[in-house]
Amino acid sequence: MACEGSFRSSPEIEKFLCQRLLDSTQPISERFRALFSLRNLRGAAPREALVHATRDCSNLLAHEAAFALGQMQDVDAIPALEAVLKDLSLHPIVRHEAAEALGAIGLESNTLILEESLEKDPALEVQETCELALRRIREQASSSSVKASPFLSVDPALPAMFDASVDQLREVLLNEEEGMYERYAALFALRNNGGDAAVSAIISSISARSALLKHEVAYVLGQLQNRAASDALLEVLKNVNEHPMVRHEAAEALGSIADSKSIELLEEFAKDPEPIVSQSCEVALSMLKYERSGKSFEYLFMQTPQVQ
């Protein structure tokens, strides 16, 4: 295990993390530890390792690598993300995350590829993500100031800024006729509110028709770590007919909530036949193990890493 302490990068550390991320013989949880560490770094080596990981045989790892590049808002990653988005041989969850990353980076020049994929991609979840990303880029360009998320995430929609009550936001979020961007904006405004009524509204939307919206709802419930969401998330994870991207986010959210029922179900579904789900459970359980031991899931180095 690497030494704990303040994170300091060096060429040796970067090399270790890049190799660990791309080593398919490592457990998926160890590769995620490297991925989460690399997204805190900048420069060619971390970026190229993450770019390479977007083509990994693990769709879960590949989509997380694309997500990380978007959260890093790395402009130099745009060509690779565009190539991922256009590659229809890749799993829709990976293409979706590439589209979201292009929206997170936010350059107006990204709109051309997003508009093309909105028209041509056969997967509804990718089409909806392109629609969201295009709107986010336009909203950001027209906004005089964009506040940072209190959850330190680059969100796929800006939270609703109008003076709306929780009931009004709930109505927008649950309205199947409302635009996807408006529903996302309501979702993030409710998340930022964080009160019991807001959390209740978010939980209610886990039964939405859109798999894309449901997966974001599960992600947000994981950010909130509110145990009131446990039962709803448990039902999502147990539903083998649900879209894997939704079940995967439910698994990660349950790992964040970490009550006894959640842990029991994560252990059960770590054997799920869908790799996106089983690997999510494995990673969630590993993260929980590190948290309970008082250690960071990420590699934190004081010196060149020594691996046991």
> Does the pair Val84 and Arg55 meet the rule for a side-chain contact (heavy atoms from CB on, under 4.5 Å), with working shown?
Replying inline: CA-CA 8 Å; Val84 169; Arg55 304 284 181 155; 3.9 Å; yes
> Could you go step by step and tell me if Glu235 and Lys238 meet the salt bridge (Lys or Arg N to Asp or Glu O under 4.0 Å) rule?
Replying inline: CA-CA 5 Å; Glu235 290 305 311; Lys238 289 191 289 187; 3.1 Å; yes
>> Tell me whether Leu69 shares a hydrophobic cluster with Val154, the cluster being built from Ile, Leu, Val, Met, Phe, Trp, Tyr side chains joined at under 4.5 Å.
In response: no
> Can Asp76 and Arg47 be said to form a salt bridge (Lys or Arg N to Asp or Glu O under 4.0 Å), step by step?
Replying inline: CA-CA 8 Å; Asp76 291 327; Arg47 177 176 60 253; 3.8 Å; yes
> For Phe32, what residues pass the ring-ring contact (aromatic ring centres under 6.0 Å, His included) criterion, not counting sequence neighbours?
Replying inline: Phe36
>> I need the minimum non-hydrogen distance between Val246 and Ala211, along with the two atoms involved.
In response: CG2-O, 3.4 Å
>> Under a 4.0 Å threshold between the charged nitrogen and the carboxylate oxygen, would Glu125 count as salt-bridged to Lys214?
In response: no
> Any salt bridge between Arg20 and Glu298, counting N to O under 4.0 Å?
Replying inline: no
>> Are the side chains of Arg33 and Ser296 in contact, using a 4.5 Å heavy-atom criterion?
In response: no
> Does a side-chain N-to-carboxylate-O contact under 4.0 Å join Arg31 and Asp56?
Replying inline: yes
Exercise answer: donor-acceptor pairs, residues 173-181 side-chain atoms, under 3.5 Å, sequence neighbours excluded:
residue, atom, partner, partner atom, Å
Asn175, OD1, Glu177, N, 2.9
Glu176, OE1, Arg183, NH1, 3.0
Glu176, OE2, Arg209, N, 3.0
Tyr181, OH, Leu158, N, 3.0

> Quick one: do Val75 and Ile137 end up in the same hydrophobic cluster if we chain Ile, Leu, Val, Met, Phe, Trp and Tyr together by side-chain heavy atoms under 4.5 Å apart?
Replying inline: yes
>> Nearest 0.5 angstrom please: Leu90 CG to Asp87 CG, how far?
In response: 4.0 Å
> Rounded to the nearest 0.5 Å, what separation is found between the CG atom of Leu254 and the OG atom of Ser262?
Replying inline: 4.0 Å
> Judged by atom type as modelled, is there a donor-acceptor pair below 3.5 Å linking the side chain of Asp155 to the main-chain atoms of Ala157?
Replying inline: no
> Which residue pairs pass the side-chain hydrogen bond (donor to acceptor under 3.5 Å, both in side chains) test with at least one member in residues 268-279, sequence neighbours excluded?
Replying inline: Ser58-Gln279, Arg247-Asp272
> What about His63 and His248, are their ring centers closer than 6.0 Å?
Replying inline: yes
>> Working to the nearest 0.5 angstrom, can you tell me the gap between Glu216 CD and Ile202 CD1?
In response: 11.0 Å
> In chain order, what residues pass the salt bridge (charged side-chain N to carboxylate O under 4.0 Å, His left out) check against Glu171, with sequence neighbours excluded?
Replying inline: none
> Should Ile93 and Leu60 count as side-chain neighbours, where that means a heavy-atom distance under 4.5 Å?
Replying inline: no
> For residues Asp167 and Ser165, is any side-chain donor paired with an opposing acceptor at under 3.5 Å?
Replying inline: no
> Minimum heavy-atom separation for Tyr299 to Ala34, with atom names?
Replying inline: CE1-N, 3.6 Å
> Shortest non-hydrogen contact from Ala198 to Asn193?
Replying inline: CB-OD1, 3.5 Å
>> Please tell me whether Phe151 and Met72 are part of a single hydrophobic cluster in this structure, the criterion being side-chain heavy atoms less than 4.5 Å apart.
In response: yes
>> Membership question, hydrophobic clusters at under 4.5 Å side-chain separation (ILVMFWY): are Leu134 and Leu107 in the same one?
In response: yes
>> Quick check: closest heavy atoms across Ala53 and Ala65, and the distance to 0.1 Å?
In response: CB-CB, 3.7 Å
>> Between Pro275 and Asn59, is there a side-chain heavy-atom distance shorter than 4.5 Å?
In response: no
>> For the CD atom of Glu64 and the CD atom of Gln71, what is their distance to the nearest 0.5 Å?
In response: 9.0 Å
> So with a 6.0 Å cut-off around NE2 of His52, is the heavy-atom count from everything else above 12?
Replying inline: no
>> To the closest 0.5 Å, what do you measure between CG (Leu85) and NZ (Lys120)?
In response: 11.5 Å
> Is the backbone N or O of Asp121 less than 3.5 Å from a side-chain atom of Gln127, with the two atoms forming a donor-acceptor pair by type?
Replying inline: yes
> Is a salt bridge present between Lys15 and Glu12, judged by a nitrogen-to-oxygen distance below 4.0 Å?
Replying inline: no
>> Using only atom types and a distance under 3.5 Å, with no angle test, would you say the side chain of Ser280 pairs donor to acceptor with the backbone of Ile276?
In response: yes
>> Let's go through Leu17 and Leu41 carefully: what are the C-alpha distance in whole Å and the side-chain angles of both, what is the deciding distance for side-chain contact (heavy atoms from CB on, under 4.5 Å) to 0.1 Å, and is it a yes or a no?
In response: CA-CA 11 Å; Leu17 292 172; Leu41 303 179; 4.0 Å; yes
>> With a 4.5 Å cut-off on side-chain heavy atoms, are Ser153 and Tyr219 touching?
In response: yes
> How far does SG of Cys281 sit from CD1 of Ile263, to the nearest 0.5 angstrom?
Replying inline: 12.0 Å
>> Salt bridge check, Arg136 against Glu139: does any charged N sit closer than 4.0 Å to a carboxylate O?
In response: no
>> So does Ala208 get a backbone contact from the side chain of Ser205, meaning a donor-acceptor N/O pair under 3.5 Å?
In response: no
> For Ala229, which residues count as a side-chain contact (heavy atoms from CB on, under 4.5 Å) partner, sequence neighbours excluded?
Replying inline: Ile203, Leu221, Leu233, Ile257
>> Any carboxylate oxygen within less than 4.0 angstrom of a Lys/Arg side-chain nitrogen, looking at Arg227 and Asp259?
In response: no
>> Strictly distance-based, threshold 3.5 Å: is any side-chain N or O of Ser293 a donor or acceptor partner for the main-chain N or O of Tyr290?
In response: yes
> Yes or no on side-chain contact (heavy atoms from CB on, under 4.5 Å) for Arg95 and Leu88, after CA distance, side-chain angles and deciding distance?
Replying inline: CA-CA 8 Å; Arg95 304 202 306 276; Leu88 298 183; 3.7 Å; yes
> Are Glu128 and Leu118 side-chain neighbours, meaning at least one heavy-atom pair lies under 4.5 Å?
Replying inline: no
> In chain order, what residues pass the side-chain contact (heavy atoms from CB on, under 4.5 Å) check against Lys86, with sequence neighbours excluded?
Replying inline: Ile113, Glu116
> Would you say Thr54's side chain and Ala66's backbone share a donor-acceptor pair under 3.5 angstrom?
Replying inline: no
>> Pair Leu132, Glu100 - check side-chain contact (heavy atoms from CB on, under 4.5 Å), show working.
In response: CA-CA 8 Å; Leu132 280 170; Glu100 186 174 300; over 6 Å; no
> Under a 4.0 Å N-O cut-off, is there an ion pair linking Arg42 with Asp74?
Replying inline: no
> So, do Lys261 and Leu265 sit near enough that their side-chain heavy atoms are less than 4.5 Å apart?
Replying inline: no
>> Please check this pair: side chain of Ser204 against backbone of Ser200, looking for a donor-acceptor N/O pair closer than 3.5 Å.
In response: yes
> Which atoms form the tightest heavy-atom contact between Ser256 and Gly222, and what is the distance?
Replying inline: CB-O, 3.5 Å
> Which of these, Val220, Leu213, Val217, sits in a side chain to side chain contact (heavy atoms under 4.5 Å, CB included) with Tyr184?
Replying inline: Leu213
> Which pair of non-hydrogen atoms, one from Gly194 and one from Leu224, has the smallest distance, and what is that distance?
Replying inline: CA-CD2, 4.5 Å
